[in-house]
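Presented below is the structure to which this report refers.
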Amino acid sequence: MNMTIGKFASAGKVGIETIRFYQRKGLLPTPPGFDGIRRYDVGDLRRLKFIRQAQTAGFTLDEIGRLLELDAGDDRETARSLAKLRLEALDAKIAELQAARESLKTLVGECASGKSGPCPILQSFGV
């Protein structure tokens, strides 16, 4: 499979600028151009899909770069360690979001129960 950047971006379900961004970050190689046109292959597409799936899992671009370095080897311990760290960060974010949800839920209830005076939601935000 030999794709132009437009077809490559489309196959990876991203925009052309996303491809260029990943190239600037060193996550995707910039293939040599023939007749002024760069061609991407299935290996490039596999790498692009890996990047997108890792982002969906919450990995940062730096972490994805490290995972890509491991991709060619059998370093399960390092990959597992990176995944555990990402999981811990996601758990912390979930706990933070749940706390924010409960706080807002309480404020909505307080706002609904009072008919006069300042709105507890606006007061809590300092308005």
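What's counted below: heavy atoms across the whole structure, side chains too, no hydrogens, waters or symmetry copies. We number each residue from 1, following the sequence as shown.
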Distance col, row Lys49:NZ vs Thr56:OG1, nearest 0.5 angstrom, shows 13.0 Å

Rounded to the nearest 0.5 angstrom, the CD-SG distance for Gln123 and Cys111 is 10.0 Å

When every non-hydrogen atom of Ala57 is compared with those of Leu90, the smallest separation belongs to O-CD1, 3.4 Å

Salt bridge (Lys or Arg N to Asp or Glu O under 4.0 Å) pairs touching residues 3-12, sequence neighbours excluded, are none

With sequence neighbours left out, the residues meeting side chain to side chain contact (heavy atoms under 4.5 Å, CB included) with Ser10 are none

Residues passing the side chain to side chain contact (heavy atoms under 4.5 Å, CB included) test with Leu87, sequence neighbours excluded, are Asp91

(message) Please determine whether a side-chain nitrogen of the Lys or Arg among Arg66 and Glu69 lies less than 4.0 Å from a carboxylate oxygen of the Asp or Glu.
(response) no

Rounding to 0.5 Å, atoms CZ (Phe59) and CG (Leu67) come to a distance of 5.0 Å

Here the side-chain hydrogen bond (donor to acceptor under 3.5 Å, both in side chains) pairs for residues 96-109, sequence neighbours left out, are none

For Val42 and Met3, run side-chain contact (heavy atoms from CB on, under 4.5 Å): C-alpha distance rounded to whole Å, both residues' side-chain angles, the deciding distance at 0.1 Å, then the answer. CA-CA 9 Å; Val42 290; Met3 298 170 278; 5.5 Å; no

By salt bridge (Lys or Arg N to Asp or Glu O under 4.0 Å), Arg38 pairs with (sequence neighbours left out) none

Between Ile64 and Ala54 the two heavy atoms that sit nearest each other are CG1-CB, 3.5 Å

Sequence neighbours excluded, the answer for side chain to side chain contact (heavy atoms under 4.5 Å, CB included) partners of Lys25 is Phe21, Leu27, Leu61

Minimal heavy-atom distance between Ile16 and Gly6, with the atoms involved, is CD1-CA, 4.0 Å

Checklist entry - Could you go step by step and tell me if Leu68 and Ile51 meet the side-chain contact (heavy atoms from CB on, under 4.5 Å) rule? => result CA-CA 8 Å; Leu68 285 166; Ile51 294 166; 4.0 Å; yes

* Asked: Checking Ser113 side chain against Glu110 main chain: does a donor-acceptor pair fall under 3.5 Å?
  -> yes

Margin query: For Val108 and Ile121: C-alpha separation, side-chain torsions, deciding distance, then whether side-chain contact (heavy atoms from CB on, under 4.5 Å) applies.
Written below: CA-CA 7 Å; Val108 167; Ile121 297 169; 4.3 Å; yes

Residue set satisfying side chain to side chain contact (heavy atoms under 4.5 Å, CB included) with Ile37, at least two apart, ordered chain then number -> Thr4, Arg39

Separation between CG (Asp62) and CG (Leu82), nearest 0.5 Å, reads 11.0 Å

For Arg52, the salt bridge (Lys or Arg N to Asp or Glu O under 4.0 Å) test, sequence neighbours excluded, returns none

Smallest heavy-atom separation, Ala9 atom then Ile19 atom, equals CB-CG1, 3.9 Å

Report task. Report yes or no: does Gln23 contribute a side-chain atom to a donor-acceptor pair with the main-chain N or O of Pro29 at less than 3.5 Å? Result -> yes

CZ of Arg47 to OH of Tyr40, rounded to nearest 0.5 Å, is 12.5 Å

For Leu28 and Phe8, the nearest pair of non-hydrogen atoms, with its separation, is CD1-CE2, 4.1 Å

Query - Between Glu63 and Thr60, a side-chain donor and acceptor under 3.5 Å - result: yes

Value for CG (Leu107) from SG (Cys119), rounded to nearest 0.5 Å, stands at 8.0 Å

